[in-house]
Amino acid sequence: MTGHRARLLCIASLVAIALGAPAALAAETYDPWPGLVQDIFSNRPMNDGNDVIGIEMPARAEDAAIVPVTLRTKLQPGDSRRVVAITLVIDENPAPMAAKFTLGPDANVTEISTRVRVNNYTNVHAVAELSDGKLYVSKVYVKASGGCSAPAGKNVEEAKNHLGQMRYRQFTKSEQGPATSTREAQIMIGHPNNSGLQMDQVTQLYIPAFFVNELHIWQDDSPVLAMEGGISISEDPNIRFTYVSNGAKHFRAEAKDTDGHVFEHEWKVENPGT
Amino acid sequence: MAHGGSVLALLLMLWAPTIARAQEAELPVSEVAPGIFVHTGVTALMTRENEGAIANVGFVIGDSAVAVIDTGGSVREGRQLLAAVRSHSDKPIRYVINTHAHPDHSFGNAAFVGDGTSFVGHKALPRALAARGQFYLDGFRRTMGDVLIGEVRIIPPTVLVEDTLKLDLGRRSLTLKAWPPAHSDNDLTVFDERSGTLFAGDMVFLEHIPVVDGSLKGWLRALGDLTAIPAERVVPGHGPVSAWPAALADERRYLETLATDIRALVKSGKPIMAAAEHAAAAERPRWQLFDDYNARNATAAFSEIEWE
């Protein structure tokens, strides 16, 4: 359903781009958020997320193609609710729904970092869905990059060369040795993640969209994190996250893209703990 | 008398386009070697006030034709460059060479569209313009305004350089070289053997902090081949015309420092946001526009080096 809506949003923005500059100018005065709440969240009520979900981004998108974003859950340890999913929305982007992260019920993911494209001056919303069924929202404002930076690829041939490569890395936090069960890991997927919104000025045709739309991560057979991705995720999707180890010896990731490729990999966990 | 009148009419016809264009002020240029003219851009971001004239642009005059190398950051700058060409030569402008896709080098292209003029670029330039053109137009409309940006057209090259290409301007041959990804993924340099002048585009920066929009590792690899070009002087993309290859020293030091710092950050497991804050910090006092570009260079370099 969400995928269908995201597609509708894409089409709407293609039309906007086709109409040219006036759409871009109008975007600076028109707040798209109420419309996005309707399209992406079926107008469900939005609660203040200040105590539930944090979102961190640099105030300025230094590189329009690679803007780091960190989502952090803020629920207190005793809270009976848990975060089920977090949706990241970049209001002024051509396809605003950047990603929906679904958090594994037993993985206790509290922090997710990724990188996104930012096309314009924009609000960025993080919407957390809790186990009580309610939605909580936080936002930051990001200024577009200046200069010659663009949300498009920098090294298009190289991006093709490492298509489908996957890397896993485990980090040791200084305050968390192997004695605790909290872990931090990162999955990288080589993929150009083409947006499909770029028009070839010569042929007047759009360069086809080609991006990772699904990613699942497990420790043994227990889901840690899943991502439903859109074209606002940067080239070479990169997800860094914390989780609680269940003692699993293996970490597994599976990614799918819009051309039907499936990329899978499994890694041994260092110091599985517990 | 009647005869004289028709000659005058003919002359007027021939000169009419020049007269119309001459209404635009001439871009100040200096002749850095015989037949080689350069306008040195201001070291700044593109704004309404500077009309986008931040990059070095120039032209080379041969015995039979002129080649323009980069056209500036607005059609207005392009027209001023055209006026400067016309005040030094009435030979046809056969080639307009874009050293890469960035707007400060190519937004003036529309001023040179005409019969007999070919646009020349790296084989990857059309793709880069396709992917980025509309975004650049939208973005710079915000900072430069409708008047300057409204007349900008994205004009892709029709003559593509796969590896190297020689252009003959009449007893003056330009050697164009297409580079693997470095400053961008569509960098082209232009070497005039007769005067020993290298137009390096943004493969070379002086004073203005280098901007990484292609591949940091590729750029560092390219420096060896670049140094080997037997030039006497370089016209960098930004900064003063300088002696070659000594002009490369500062850029090499910056790029090496950036790569070393980023490798250390990646190795120690630091997140990408830390790169923007810490990488190449020692270079801050040595460059103009450091705070405008270093964080972005570091971010781009981090996402490249973490794949090592």
Side-chain angles (χ1 to χ4, degrees), chain A residues 17 20-21 23-25 27-28 56-58 60-70 113 115 119-121 144-158 162 165 167 169-173 184 186 188 190 194-195 197-203 205 207 234-236 238 240, chain B residues 45-46 100-105 124 126-143 146 149-150 153-156 180-182 184-186 202 211-215 218 268-273 275-276 289 292-300 302-304 306-307:
Chain A
I17 287 175
L25 291 180
E28 284 169 24
E56 289 165 29
M57 291 179 84
R60 182 171 198 97
E62 302 289 355
D63 184 330
I66 315 164
V67 186
V69 52
T70 297
S113 297
R115 301 153 195 186
N119 289 52
N120 212 325
Y121 287 71
S145 71
C148 51
S149 157
K154 289 178 184 39
N155 188 348
V156 179
E157 293 308 322
E158 179 59 23
H162 59 212
Q165 282 188 33
R167 300 273 182 90
R169 186 169 174 191
Q170 205 177 313
F171 301 93
T172 316
K173 286 199 155 184
E184 185 173 22
Q186 174 178 271
M188 296 159 62
N194 285 344
S195 73
L197 292 170
Q198 297 148 350
M199 187 194 272
D200 187 319
Q201 300 285 327
V202 185
T203 61
L205 295 172
I207 298 161
S234 302
E235 181 176 304
D236 297 339
N238 184 314
R240 181 170 173 156
Chain B
L45 303 177
M46 281 165 69
H100 60 294
H102 287 155
D104 48 333
H105 300 260
R127 181 178 61 198
L129 290 171
R132 294 162 171 245
Q134 190 61 50
F135 177 79
Y136 285 151
L137 291 172
D138 294 344
F140 284 97
R141 195 176 289 275
R142 281 194 298 262
T143 51
D146 288 337
I149 297 304
R153 297 288 172 268
I154 302 296
I155 296 169
S184 72
D185 73 355
N186 50 89
D202 282 3
V211 177
V212 183
D213 197 27
S215 162
S268 65
K270 292 285 187 298
I272 193 167
M273 278 209 223
L289 304 180
D292 291 290
Y293 288 108
N294 186 64
R296 170 236 149 112
N297 288 345
T299 305
F302 191 100
S303 74
E304 181 184 4
E306 70 187 337
W307 281 91

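Labels below follow one simple rule: chain letters A, B, ... track the order of the sequence lines, proteins then strands, and each chain is numbered from 1.
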Find out whether D146(B) and R141(B) are in side-chain contact, i.e. whether some heavy atom of one side chain is under 4.5 Å from a heavy atom of the other.
-> yes
Counting only heavy atoms closer than 4.5 Å, note whether A64(A) contacts chain B via side chain, backbone, both or neither.
-> side chain
Residues D63(A), K154(A): salt bridge by 4.0 Å N-O rule = yes
Considering only heavy atoms, which portion of P271(B) lies under 4.5 Å from any heavy atom of chain A: side chain, backbone, both, or neither?
-> both
Quick one: what part of S268(B) sits under 4.5 Å from any heavy atom of chain A, side chain, backbone, both or neither?
-> backbone
Between E158(A), E157(A), R60(A), which has the largest tally of heavy atom pairs under 4.5 Å with chain B?
-> E157(A)
Residue pair E306(B), Q186(A): steps toward the side chain to side chain contact (heavy atoms under 4.5 Å, CB included) verdict | CA-CA 11 Å; E306(B) 70 187 337; Q186(A) 174 178 271; 4.3 Å; yes
Is there a donor in the side chain of E304(B) and an acceptor in the side chain of S215(B), or the other way round, less than 3.5 Å apart?
-> yes
Side-chain donor or acceptor of R132(B) paired with backbone N/O of G153(A) under 3.5 Å | yes
Proximal component of E235(A), with respect to chain B [non-hydrogen, under 4.5 Å] = neither
Does a donor on one side chain sit under 3.5 Å from an acceptor on the other, for R127(B) and N186(B)?
-> no
Which residue out of S113(A), P68(A), A144(A), A61(A) racks up the most heavy-atom pairs below 4.5 Å with chain B?
-> P68(A)
Heavy-atom contact with chain B under 4.5 Å, split by part of S149(A) = both
